[in-house]
Amino acid sequence: MANPVHSVALYARVSTANGHQDPEMQLRELREFVERRGWQITGEYVDRGVSGSKDRRPALDQMMAAAQGRKFDVLLVWKLDRFARSLKHLVNALAEFEALGIAFVSLRDNLDLTTPSGRLMFQIIGAMAEFERALIQERVKAGLRNAKAKGVRLGRPRVFVSESRIDALRASGTSWRAIAKELGIGIGTARRASQTRAKNLCGSFGTGIGEGDYAL
């Protein structure tokens, strides 16, 4: 039984555009692979001078738009690191391709999701990504538990503000911005401290409660 003829999109990426890297090397091998399989190329998408970690890759975005429009049946890349920004990005992209009915092939990694063994590899990659996420979460939780056991206060540190100093500066006509700069606090913090002091004074009038510092 003859293999079905697939419409294929090629994606290639090089990190520099100064002549030291040429996407044609990747594309030549991809075209040869397509010819051997008897498939048909419907589009070639190439990002030049783009880092693999960048969120925006024009050619990659165009290719994903074509995938969502079902312009091809198979996406063929030279290597996984030429396509994916991270393991998470790879798994998410492969899941999207699977939902669209598009197969994925990475030539140099021998990953071919048009075959049963390739689809099994996809399941393994997904399990690895899930395991990685679980490890990260556990490390974070362990770190928090360890810090708490050592008496480390978690969260933002409290800021101590002299309410009387704020009142004195305001009484002399100092602006909120200048007060915040002098005390090394935010304008909002200075305002809240002053408002809280006023409320406390109203509530404690005649009780003999002294003036103190305000902790935020």
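No experiment lies behind these values; they were computed from the predicted model shown. When a residue number appears, it is its place in the shown sequence, counting from 1.
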Measuring from atom CG of Leu80 to atom CG of Leu107, what distance do you get when rounded to the nearest 0.5 angstrom? 11.0 Å
Rounded to the nearest 0.5 Å, the OG atom of Ser86 sits from the CG atom of Asn92 at a distance of 8.0 Å
Find out whether Val34 and Leu10 are in side-chain contact, i.e. whether some heavy atom of one side chain is under 4.5 Å from a heavy atom of the other. yes
Can you name the residues that form a ring-ring contact (aromatic ring centres under 6.0 Å, His included) with Phe104, not counting sequence neighbours? Phe83
With a 4.5 Å heavy-atom cut-off, do Val105 and Phe33 have their side chains touching? yes
Quick one: does Glu32's side chain get under 4.5 Å of Arg36's, heavy atoms only? yes
Could you give the distance from CD1 (Ile179) to OG1 (Thr174), rounded to the nearest 0.5 Å? 5.5 Å
Side chains of Lys79 and Gln26 in contact at under 4.5 Å (non-hydrogen atoms): no
Can you tell me if CD on Gln40 sees more than 12 non-hydrogen neighbours from other groups inside 6.0 Å? no
Walk me through it: do Arg191 and Ile166 pass the test side-chain contact (heavy atoms from CB on, under 4.5 Å)? CA-CA 9 Å; Arg191 287 180 179 274; Ile166 293 175; over 6 Å; no
A side-chain contact here means heavy atoms from C-beta on lying under 4.5 Å apart; do His6 and Phe72 qualify? no
Between the main-chain N or O of Trp78 and the side-chain N or O of Arg108, is there a donor-acceptor pair closer than 3.5 Å? no
Decide yes or no for Thr114 and Arg37: does some side-chain heavy atom of the first lie under 4.5 Å from some side-chain heavy atom of the second? yes
Got more than 12 heavy atoms from elsewhere within 6.0 Å of CD, Glu35? no
So Phe97 and Met64, side-chain contact (heavy atoms from CB on, under 4.5 Å) or not? Walk me through it. CA-CA 9 Å; Phe97 291 145; Met64 293 303 295; 3.7 Å; yes
Here the gap from Glu44 atom CD to Leu27 atom CG, rounded to the nearest 0.5 Å, amounts to 5.0 Å
Exam field: side chain Arg13 to backbone Arg82, donor-acceptor pair closer than 3.5 Å: yes
Are any of the side-chain heavy atoms of Met63 and Lys71 separated by less than 4.5 Å? no
